[in-house]
Amino acid sequence: MKPSIPQGTRDFSAAVLRKRNFILQTIRSVFETYGFEPLETPAMENTETLMGKYGEEGDKLIFKILNNGLNNPDKKEAVIQDFNAVLEGKTNKGITERALRYDLTIPFARYVAMNQGQLTFPFKRYQMQPVWRADRPQRGRYREFWQCDADVAGSAALLHEVELSLIYTNVFNKLKVPVEIHINNRKILGALAAVCGGEDMMMDITIAIDKLDKIGMEKVKDELIGKGLSMEQVDTVESFISIAGSNDEKLKALEDMFSSIPQGLEGINEMKTILGSFNAIKGITSAGTQLHVDLSLARGLNYYTGTIFEVKALGVQMGSIGGGGRYDDLTGLFGVKGIAGVGISFGVDRIYDVMEELTAFPESIQKGTTALFFNTGMEEQQHVLGVAENLRSKGISCEIYHEQAKFDKQFKYAERKNIPFVVIIGSKEIEAGTALVKELASGTQTEMKVDDLLQGLGY
RNA sequence: GAGGUUGUAGCUCAGUUGGUUAGAGCGUCUGAUUGUGGUUCAGAAGGUCGUGGGUUCGAGACCCAUCAUCCUCCCCA
């Protein structure tokens, strides 16, 4: 058979992995400086933990794992019955009890609900793991991809929104990726829905206006009419998303629009508080990124109830590279009421694609092995093994060429692996107690005492 | 789930209206060079043309199916 890997998955070579790790380490270090603690959860969850949390479309994209033992003759009748349910589009524990995690937020909520007695609130955790979606792969879209989430559970304080915004600005500042952070509030969108056909229309309205920059105003209006809004209501939506100007001007216009709707005013006040606090502090790290009030920002996930975030890279055609928001009652889905939360997510794979396109990765992260010892024979190899072992104990990565070969070949190996130094210790050098060190980039070669190797390799 | 693109050597790709033994560049290997790479020169290996059918005297090329791929929509990171 021809070797292959599943659609939408990738192998990561050394060069790719170093770049990915650079992104992951940058994010992790920022998370840690804000006091978030690591958490990892299993690749699979119980199917019922995930189902129904991501909307109808989301349910279809969850990878379900087939149960074992379905061919047990004793259970044949039950399995056939269960499978018929699957054919009708229902998921069924008898067929698929487990599923691959779809994101990190729901597993986090499940974890908080399970461990609420042991946790110290507010509970601040970060999580960096792969997630899986049965999506059709395309540019910036994979079936296995990594997310990095930071969430706070058990606090309604807007301080967290401010700090999470600062995390976004600091991470992308360190990665040298220019971004725009869009911010909106579900309460404001709720107020809009209340004015235009009722609260239960909020999802339809938000999904439609979320497409504004992609399909344009007319198509958005068509979609709204299709959802059953009256012309008058559609006009209200249009005037809402047409609000332009600075953040302050937008908020002022919103206040006028929703002056009689408490929910809307609450959302507006939250935005004002967050923006005021963020703007007063962001100069300290001189991360110049701004928060942009974006009234067409909606986000599809239906558990958000307050602030919502989305991060877009500037100068690259790519969907959002980060997103998040506040949810009042996430653990309520698991029977634990009253734990509010807020969190953000980084899309590692898209950040990688963006950085690749912007050639934003620093050269320095591609260093692997520091020195390659040439192999000039079995006896010399044994001697060199000791020298190498000595250097390794001091934290210097080095390799010995695996067999005696023409220098030509050994040089090429060093070159291809991007190894900066070649060290030659042959019979002559062993006798003299020296080593020949050649720096490949410059071609300069120096003979030195074996004891001086450390300095010779630039340490 | 809907629509489209592409599939030829390890990689990137040529291959004329269907016509003899399917090519190039890069890479790999060997030698010029028995302890000094990147340059140069000479040579070699490497292909069931994604897979399976069909049309034809003859198919890499045309038709059908299938698989893979990338892209767009839906939705999302």
Side-chain angles (χ1 to χ4, degrees), chain A residues 1-10 23 27 54-62 89 101-105 128-149 168 179 203 206-208 210-211 214-215 219 223 297-302 309-313 317-325 343-354 372 374-377 380 401 404-430 435-447:
Chain A
M1 67 176 280
K2 271 188 186 167
S4 65
I5 55 174
Q7 188 183 35
T9 65
R10 296 145 298 156
I23 297 172
I27 295 171
Y54 308 106
E56 224 174 285
E57 288 300 313
D59 281 356
K60 290 183 195 162
L61 299 178
I62 295 172
R101 76 172 156 249
Y102 178 90
D103 71 354
L104 301 178
T105 309
M128 313 204 300
Q129 288 188 280
V131 301
W132 294 269
R133 295 185 190 177
D135 222 336
R136 188 71 56 99
Q138 56 186 278
R139 179 181 162 82
R141 176 171 304 189
Y142 306 96
R143 290 187 141 184
E144 177 184 64
F145 60 98
W146 280 60
Q147 293 194 326
C148 301
D149 280 30
Y168 268 143
V179 295
M203 279 314 294
T206 55
I207 285 174
D210 199 35
K211 297 175 190 166
K214 213 168 191 175
I215 63 175
K219 292 248 172 89
E223 189 163 330
L297 171 61
R299 296 192 56 74
L301 295 174
N302 50 20
F309 296 105
E310 198 155 288
V311 184
K312 291 201 171 108
Q317 190 61 42
M318 180 66 71
S320 65
I321 57 176
I344 56 169
S345 179
F346 290 83
V348 177
D349 304 76
R350 285 188 178 174
I351 294 171
Y352 179 96
D353 290 344
V354 166
L372 175 72
F374 273 18
N375 194 323
T376 61
E380 293 89 335
Y401 197 77
Q404 183 177 5
K406 293 172 65 172
F407 276 27
D408 185 318
K409 226 174 164 181
Q410 307 198 41
F411 267 119
K412 277 186 178 153
Y413 178 82
E415 204 167 60
R416 240 175 311 156
K417 280 196 73 175
N418 212 6
I419 300 172
F421 292 102
V422 146
V423 181
I424 303 168
I425 303 180
S427 50
K428 281 188 290 185
E429 288 80 12
I430 292 176
L436 274 175
V437 176
K438 183 162 184 174
E439 188 184 9
L440 270 84
S442 61
T444 56
Q445 181 170 303
T446 45
E447 187 162 5

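Note on naming: letters A, B, ... go to the chains in the order of the sequence lines (proteins, then strands), and numbering restarts at 1 for each one.
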| task | Mind checking salt bridge (charged side-chain N to carboxylate O under 4.0 Å, His left out) for A:K412 and listing every partner two or more places apart, or none if nothing turns up? | result |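 Once residues adjacent in sequence are excluded, the partners of A:K412 under the salt bridge (charged side-chain N to carboxylate O under 4.0 Å, His left out) criterion are A:D408.
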| Donor-acceptor pair present, A:R139 side chain and B:rC70 base, under 3.5 Å |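 Such a pair does not exist between side chain and base.
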Side chains of [X] and [Y], heavy atoms from C-beta outward: is any pair under 4.5 Å?
X      : Y      : answer
A:Q410 : A:N375 : yes
A:E310 : A:K312 : yes
A:E144 : A:P6   : no
A:Q445 : A:V437 : no
A:M318 : A:D353 : yes
A:W132 : A:R143 : no

| query | Between A:Q147 and A:L104, which heavy-atom pair has the shortest distance, and what is it? | reply |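 Shortest heavy-atom separation between A:Q147 and A:L104 comes out as O-CD1, 3.4 Å.
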Check: protein-nucleotides 1-3 of chain B nitrogen or oxygen pairs below 3.5 Å:
none

Nearest whole Å is fine: how far is [N] [atom2] from [X] [atom1]?
X      : N      : atom1 : atom2 : result
A:I62  : B:rC76 : CD1   : P     : 13 Å
A:Q147 : B:rC76 : CD    : C1'   : 10 Å
A:L61  : B:rC75 : CG    : P     : 11 Å
A:W132 : B:rA77 : CH2   : P     : 16 Å
A:K219 : B:rC73 : NZ    : P     : 11 Å
A:R10  : B:rC70 : CZ    : C1'   : 14 Å
A:W146 : B:rA77 : CH2   : P     : 18 Å
A:K211 : B:rC73 : NZ    : P     : 11 Å

Determine the Euclidean distance between corresponding [atom1] atoms of [M] and [N]; express it in Å to zero decimal places.
N      : M      : atom1 : answer
B:rG10 : B:rG4  : P     : 32 Å
B:rU20 : B:rC49 : P     : 16 Å
B:rA59 : B:rU8  : C1'   : 14 Å
B:rU33 : B:rG60 : C1'   : 42 Å

| Results of side chain to side chain contact (heavy atoms under 4.5 Å, CB included) for A:E57 - residues two or more places apart only |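 Per chain and number, A:E57 pairs via side chain to side chain contact (heavy atoms under 4.5 Å, CB included) with A:K60.
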| query | Which dot-bracket notation, 5' to 3', represents the base pairing of RNA chain B when pairs are defined as Watson-Crick or G-U with both distances under 3.5 Å, crossing pairs as [ ], and inter-strand pairs as |? | reply | ((((.((..((((.....[...)))).(((((.......))))).....(((((..]....))))))).))))....
| query | Aromatic rings A:Y401 and A:Y413: how do their planes relate, parallel, tilted or perpendicular, breaks at 30° and 60°? | reply |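 Geometry flag for A:Y413 against A:Y401: perpendicular rings.
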Applying a 4.0 Å non-hydrogen cut-off, can you work out what [X] is touching in the nucleic acid: base, sugar-phosphate, or nothing?
X      : answer
A:G55  : nothing
A:Y142 : base
A:S320 : sugar-phosphate

| message | I'd like to know whether A:F421 forms a side chain to side chain contact (heavy atoms under 4.5 Å, CB included) with A:L440, so could you lay out the CA-CA distance, the side-chain angles of the two residues, the decisive distance to 0.1 Å, and finally the verdict. | response | CA-CA 6 Å; A:F421 292 102; A:L440 270 84; 5.8 Å; no
Identify each donor-acceptor pair in which a side-chain atom of residues 344-351 of chain A lies under 3.5 Å from a protein atom, sequence neighbours left out, and give them as a table.
{"from": "A:S345", "atom 1": "OG", "to": "A:D149", "atom 2": "OD1", "distance (Å)": "2.8"}
{"from": "A:D349", "atom 1": "OD1", "to": "A:W146", "atom 2": "N", "distance (Å)": "2.7"}
{"from": "A:D349", "atom 1": "OD2", "to": "A:R10", "atom 2": "NH1", "distance (Å)": "3.2"}
{"from": "A:D349", "atom 1": "OD2", "to": "A:R10", "atom 2": "NH2", "distance (Å)": "2.7"}
{"from": "A:D349", "atom 1": "OD2", "to": "A:R20", "atom 2": "NH1", "distance (Å)": "3.0"}
{"from": "A:R350", "atom 1": "NE", "to": "A:G140", "atom 2": "O", "distance (Å)": "2.6"}
{"from": "A:R350", "atom 1": "NH1", "to": "A:S320", "atom 2": "O", "distance (Å)": "3.0"}
{"from": "A:R350", "atom 1": "NH2", "to": "A:G140", "atom 2": "O", "distance (Å)": "3.1"}

| note | With sugar-phosphate taken as primed atoms, P, OP1 and OP2 and all else as base, the protein-contact string of nucleotides 31-40 of chain B at under 4.0 Å (heavy atoms; B, S, -) is S---BBBB--
| said: I want to confirm an ordering. Mapping A:E57 and A:G8 to their closest nucleotides on RNA chain B, which one lands closer to the 5' end? | reply: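 Result of the comparison: A:G8.
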| message | Side-chain N or O of A:Q7 versus OP1/OP2 of B:rU69: is the shortest distance under 4.0 Å? | response |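 For B:rU69, OP1/OP2 do have a side-chain N/O of A:Q7 under 4.0 Å.
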